[in-house]
Protein chains: 2
Amino acid sequence: MARKDSELTGVKEIARRANVSIGTVDRVIHNRKGVSKKTKDKINAIIKELDYQPNIFARRLASKKQLVFAILIPKVSQETNYWEAPLLGIEQAGAEISPYGITVQPYLYEVNDKKSFLEQVARIDLDQVQGVLLAPSFIEESAHFIKALESKKIPYVFINSDIPGYNSLSYFGPDLYQSGYLSAHLMKYLVKRKEKVLIINISQEIDDQHHLSRKEQGFRNYFKDHKIESPILKIDIQQTDYAHVSKALGQILRKEPVAAIFVTNSRVSTVAKYLKKTKDTQPILIGFDYTKENLVFLKEGIIDFLICQKPREQGYKGLMALYQFVLHSRTGEKNNFMPIDIITSENCDFYIN
Amino acid sequence: MARKDSELTGVKEIARRANVSIGTVDRVIHNRKGVSKKTKDKINAIIKELDYQPNIFARRLASKKQLVFAILIPKVSQETNYWEAPLLGIEQAGAEISPYGITVQPYLYEVNDKKSFLEQVARIDLDQVQGVLLAPSFIEESAHFIKALESKKIPYVFINSDIPGYNSLSYFGPDLYQSGYLSAHLMKYLVKRKEKVLIINISQEIDDQHHLSRKEQGFRNYFKDHKIESPILKIDIQQTDYAHVSKALGQILRKEPVAAIFVTNSRVSTVAKYLKKTKDTQPILIGFDYTKENLVFLKEGIIDFLICQKPREQGYKGLMALYQFVLHSRTGEKNNFMPIDIITSENCDFYIN
DNA sequence: CTGAAAGCGCTTACAG
DNA sequence: CTGAAAGCGCTTACAG
């Protein structure tokens with residue numbers, strides 16, 4: 001039995017109401033050119049009126065082309081295996097969405113190397129990419145790339161650190177300020193009144209905008225807010241290799257013995273390595289991330305606390321957010337702050353990224 | 001231009017090779033009857049040889065029927081809002097997979113009421129259901145239901161507690177034994193040598209197979225393994241209302257003052273309520289779950305530690321596992337133990353289910 | 001037990 | 001600027 005006209009669904013019903021062919025409807029839906037403003041407006045009105053939701057099965061079946069998501073994050077380096085976890089999460093999400101015709105293409109840069117970041121960016125062909133998941137480690141270089149994405153209307157998601165003020169789809173990672181603030185809260189329990197505390201930033205890139213600075217601010221503000229009298233020293237080390245770090249540490253620690261040290265990133269293991277070699281009384285040591293190197297020192301008792309923020313989940317959820325948006329136009333929360341997990345030698349064996 | 005025969009894909013290629021129609025191929029793929037063994041075997045061999053993966057877009061487009069997943073979990077009760085979290089996770093997953101033609105039907109039973117469990121089970125029409133997500137609170141009653149599922153070949157996933165020995169697709173929840181074990185580890189730091197510790201089970205159903213017993217075993221075994229000399233008392237309270245619990249507590253605590261109490265489930269708030277009213281020295285109190293009631297007592301310092309195991313994630317991941325299996329024949333890990341999070345008044349505001 | 005045909009709701013050339 | 005038709009890879013009656 002033939003369907004009544006009024007029961008048509010989808011493009012056919014739209015076409016019928018607009019008195020055009022489904023081809024024209026398709027053109028309007030995809031914002032392709034070659035449609036008069038008049039018919040375009042008419043069709044759009046009907047789409048709105050019907051609250052038309054395209055059938056994704058039909059769409060993906062008819063259009064054989066794959067969607068490509070580019071992943072721009074650091075590669076695992078000799079210094080740290082931190083970036084293994086996000087990649088695992090991304091791979092899992094990638095496997096789950098691959099049946100929907102999505103291909104994930106990783107572009108991995110050296111974590112300390114702006115040039116390598118730019119090289120990877122150059123390799124991405126934006127005409128072949130429908131979404132980007134990135135860790136914007138280098139702020140200026142990222143800004144440039146993001147402009148290109150926005151002009152092509154390619155959606156992008158930040159993980160691990162964000163750059164406020166951009167129109168990213170969403171962000172999955174720590175609340176940097178808050179994680180510094182919580183570290184200070186922990187610190188409060190561990191140092192006595194007026195004992196000195198040292199903040200260490202170890203990174204090639206350190207400036208006021210930078211991610212590490214936001215953690216430092218959180219840390220300092222906790223001390224301010226709670227009127228803690230311990231003086232805060234601070235040192236920036238812009239060469240990340242052990243030789244440089246140990247030299248810088250030696251200089252300051254010989255002059256200024258401190259009760260506790262707060263390292264603003266995963267490089268805490270480098271500091272631990274130095275402390276282990278000195279026989280002085282060991283200061284309390286707090287740092288970031290569940291890396292292989294850090295775990296060793298945590299279990300040895302050199303590192304006291306690690307703050308960790310679900311790196312694996314950042315990758316997984318970040319990619320899923322991209323998928324939800326590109327395939328289903330579904331947007332979730334913009335800022336997704338990971339829980340601030342406190343890892344000690346006692347609970348580290350149970351930790352799940 | 002006509003395609004070369006060898007380029008056919010999917011059912012058409014299978015049909016060509018087997019010298020049958022695609023209708024017959026479809027029958028074999030779906031194990032429908034009415035195909036001679038001979039052709040069936042031939043087709044199955046070809047499917048295997050080609051490693052044929054059905055195109056889910058085409059499948060879902062052609063077959064207009066919805067898939068239904070039944071959710072069988074407790075409803076939020078007056079006594080505890082624990083089950084709110086899993087339901088939220090389930091709803092989120094449900095929203096994400098609804099574009100794929102999946103409908104989620106909740107069947108919520110009273111957490112303390114076997115009859116209500118059976119009533120909900122009776123409401124589920126197994127001929128209309130393609131998967132089940134359940135919290136098997138009542139062991140015998142669940143066993144019966146599971147048998148029905150297995151005879152109909154309906155896949156099912158456990159959350160929150162499992163029943164070992166069944167052929168569930170997977171389990172998302174605590175490692176019950178381990179969470180008892182970790183609780184004891186915590187306890188070790190908090191009680192002095194030879195001080196008494198009290199274990200409290202509050203539940204209508206308590207027996208050797210039961211979930212609570214497995215936590216208790218873990219707890220006891222930690223003490224054994226580590227030769228901790230504190231004597232362990234234990235009490236089972238099978239009426240969960242405050243009147244009964246407080247009476248039972250009064251009886252034992254008047255006779256036997258204890259340094260610490262371990263409540264094996266979320267009912268710890270009932271114990272806290274009692275302790276708050278007595279003016280005796282307060283024992284250390286450890287229990288389970290991030291419920292509204294428990295949080296109040298945690299912040300007041302009556303409850304010292306809450307063990308929490310991501311109830312929201314259990315629901316989300318459980319439903320996703322069902323979806324992955326039913327739509328993509330993808331199976332993950334069978335046992336998915338949630339991390340054992342330790343919540344204190346210090347970090348409770350940062351906790352994410 | 002098996003086949004031939006229609007149709008699911010889109011996209012993609014191609015024709016005008 | 002627009003339309004008509006073929007086709008994506010399945011499932012679903014229906015016919016025999």
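Residue numbering restarts at 1 for every chain, and letters A, B, ... go by the order of the sequence lines.
Between Lys33(A) atom NZ and dT2(D) atom C1' the separation is 17 Å, expressed in whole Å. Taking atom CZ of residue Arg16(A) and atom P of nucleotide dA4(D), one finds them 16 Å apart after rounding to whole Å. Atom CG of Asn55(A) is separated from atom P of dC8(C) by 11 Å (rounded to the nearest Å). Regarding Arg32(A), its CZ atom lies at a distance of 13 Å from the P atom of dC10(C), rounded to whole Å. Rounded to a whole Å, the NZ atom of Lys42(A) is 15 Å from the P atom of dC1(D). Protein atom OH of Tyr52(A) is 7 Å distant from nucleotide atom C1' of dG9(C), rounded to whole Å. Look at CG on Asn19(A): it is 13 Å from C1' on dT2(D), rounded to the nearest Å. The interatomic distance linking Leu61(B) (CG) with dA6(C) (P) rounds to 18 Å, in whole Å.
Looking at heavy-atom distances under 4.0 Å, Lys12(A) makes contact with sugar-phosphate atoms alone, never a base. Residue-level contact check: Arg27(A) touches the bases, meaning some heavy atom is under 4.0 Å from a base atom. Among the atoms of the strands shown, base atoms are found under 4.0 Å from some heavy atom of Ile22(B). Gly10(B) comes within contact range of the sugar-phosphate backbone alone, with a heavy-atom separation under 4.0 Å but no base atom that close.
Checked against the 6.0 Å centroid criterion, the rings of His328(A) and Tyr100(B) qualify as a close aromatic pair. Outside the 6.0 Å centre-distance limit, the rings of Phe325(B) and Tyr323(B) are not counted as a close aromatic pair.
OP1 or OP2 of dC10(C) has not a single side-chain nitrogen or oxygen of Ser63(A) nearer than 4.0 Å. For Thr24(A) and dG3(D), the shortest distance from a side-chain N or O to OP1 or OP2 is below 4.0 Å. Look at Thr39(A) and you won't find any side-chain N or O under 4.0 angstrom from OP1 or OP2 of dC1(D).
Between Glu49(B) and Arg17(B), at least one side-chain nitrogen of the basic residue sits less than 4.0 Å from a carboxylate oxygen of the acidic one, meeting the salt-bridge criterion.
Taken together, the paired segments of DNA chain D that extend over three or more consecutive Watson-Crick or G-U pairs, each closer than 3.5 Å at both contacts, are C:1-3 with D:14-16, C:5-12 with D:5-12, C:14-16 with D:1-3.
Using modelled atom types, one finds a donor on one side chain and an acceptor on the other under 3.5 Å when comparing Ser137(B) with Tyr109(B).
Among dC10(D), dT2(D), dC8(D), the nucleotide with an atom closest to any side-chain atom of Ala62(A) is dC8(D). With dT2(D), dC10(D), dT2(C) as the choices, the nucleotide that has an atom nearest any side-chain atom of Arg59(B) turns out to be dC10(D).
Using a 4.5 Å cut-off on side-chain heavy atoms (C-beta onward), Leu67(A) and Leu327(A) make contact. Inter-residue side-chain proximity for Val121(A) and Phe117(A) is flagged as met; some heavy-atom pair is nearer than 4.5 Å.
No cation-pi contact links Arg123(A) to Tyr107(A), judged by a cut-off of 6.0 Å to the six-membered ring centre and 45° from its axis.
The nearest pair of heavy atoms linking Phe172(A) to Gly318(A) is CD1-CA, 3.6 Å.
Ranked by how close their nearest DNA chain C nucleotide is to the 5' end, Val11(A) and Gly23(B) are led by Gly23(B).
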